[in-house]
Amino acid sequence: MIDLRSDTVTKPDNVMREAAHNADVGDDVYGEDPTVNELEARAAEAVGMEAALYVPSGTMGNQIAARVHTDRGQEVLADRKSHVVKYELGGFAQHAELQVRMLETDRGVPSPDQIADEYVAEDLHRPGTGLVCLENTHNARGGLAIAPERIAAAADAARERDVPVHLDGARLFNAATALSVPAAELVDPVDSVMFCLSKGLGAPVGSMLAGSEEFVERARRTRKLLGGGMRQAGIIAAPGLQALENVSDLETDHEHARLLADGLAEISGFDVQEPETNIVLVDVAGTGLETETVLEELAERDVLATPFGPTTIRFCTHRDVSGDDIETALEAARNAFDAS
């Protein structure tokens, strides 16, 4: 199988497995796991923040950030297609008792004018706007790499109103790679950031939540509340340390995505969005077929992808897919759907 469903399907390589085997461990709830402590320090440095916290998943990291930054009942401003809106089971409402004001945005980022228009001041009748949540890369909009000036403009508009900003940076290093800027530059305008080790960087589990020392201290307590307190977590943190060494490999994933997109665009009925990172969105409405039918045809030829709408499919390249795999996948697609 050539698995292009997600960059979460990667298997830990031998270096990661060896690192897990040899990891120096302790009880992380007591702050005594040296491998976790090293990972947190290196992660904070990588994004230019004061401190970082190791969490089991990116979703937990986003949920912790929302709870720490806000008071119950406040509103969150977020793009309507953002991960925190579409794919986290209404967690902001369930875990932090927040209301989400969903915005239709350009490239997934609220403009300063939108933030100004949608901001609600706290008064006797309304709890007010408590958080702006951004995303980079933007998954549902096709892995868009959001430029630092767009992030900064939104963050500045929020800060003018004393509203904190959290960045869902699940694929932050993909954005940094595509834009040829340091990850810390993308993060500099915001108050907190979550990034995943278990996507393009290839670790088997885990994400990082970073911010100020005060923020991370409060986040650590909230992690415990949500059941994320781990014990000898160095076993899984050690592969995470290795994952931080894999940032330079992301450009290869992006090259493979461009190769895949170019090939799929030649197939009759496929309308392909030009990829900016490692995600390729394809509208198959022109084939007259629905998403599931197209996916079934591909799966019969040992190619897996993800449904992303009634006629939209997502392909996601990653470190376990080679250039030869991309060519094989394209040949399978051509065989299934007549090339023009």
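For this chain, numbers begin at 1 and follow the sequence in order.
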Do you reckon Met208 sits in the same ILVMFWY cluster as Val247, going by side-chain contacts under 4.5 Å, direct or chained?
-> yes
Is any side-chain N of the basic residue among [X] and [Y] closer than 4.0 Å to the acidic one's carboxylate O?
X      : Y      : answer
Arg126 : Glu122 : no
Glu251 : Arg258 : yes
Glu276 : Arg107 : yes
Asp7   : Lys199 : no

[X] side chain to [Y] side chain, donor-acceptor N/O pair below 3.5 angstrom:
X      : Y      : answer
Asp325 : Ser322 : yes
Asp79  : Thr105 : yes
Gln242 : Asn246 : no
Thr311 : Asp283 : yes
Gln74  : Gln99  : no
Asn136 : Arg150 : no
Asn62  : His83  : no

Got a donor-acceptor contact below 3.5 angstrom from the [X] side chain to the [Y] backbone?
X      : Y      : answer
Glu297 : Val294 : no
Thr222 : Arg218 : yes
Ser82  : Ala78  : no
Asp191 : Pro164 : no
Arg101 : Glu75  : no
Gln63  : Phe92  : yes

Start with the C-alpha gap between Phe315 and Leu264, add the side-chain angles, then the distance that decides, and say whether side-chain contact (heavy atoms from CB on, under 4.5 Å) holds.
-> CA-CA 11 Å; Phe315 297 84; Leu264 292 174; 3.8 Å; yes
For the residue pair His69 and His166, does the interplanar ring angle fall in the parallel (under 30°), tilted (30 to 60°) or perpendicular (over 60°) class?
-> tilted
Is it the case that more than 12 heavy atoms not belonging to [X] sit under 6.0 Å from its [atom1] atom?
X      : atom1 : result
Leu225 : CG    : yes
Glu217 : CD    : no
Asn14  : CG    : no
Arg161 : CZ    : yes
Glu118 : CD    : yes

Is the shortest side-chain heavy-atom distance between [X] and [Y] below 4.5 Å?
X      : Y      : answer
Leu330 : Arg334 : yes
Arg72  : Arg67  : yes
Glu292 : Pro307 : yes
Thr328 : Ile2   : yes

Please name all residues satisfying salt bridge (Lys or Arg N to Asp or Glu O under 4.0 Å) with Asp156, sequence neighbours left out, ordered by chain then number.
-> Arg159
Which pairs, with at least one residue in residues 29-41 and sequence neighbours excluded, count as a side chain to side chain donor-acceptor pair (under 3.5 Å)?
-> Glu40-Arg220
In Å and rounded to the nearest 0.5 Å, what is the [atom1] to [atom2] distance from [X] to [Y]?
X      : Y      : atom1 : atom2 : answer
Asp253 : Leu260 : CG    : CG    : 12.0 Å
Leu144 : Thr137 : CG    : OG1   : 8.0 Å
Leu167 : Asp188 : CG    : CG    : 12.0 Å

Partners of Tyr54 by ring pair (Phe, Tyr, Trp, His ring centres under 6.0 Å), sequence neighbours excluded?
-> none
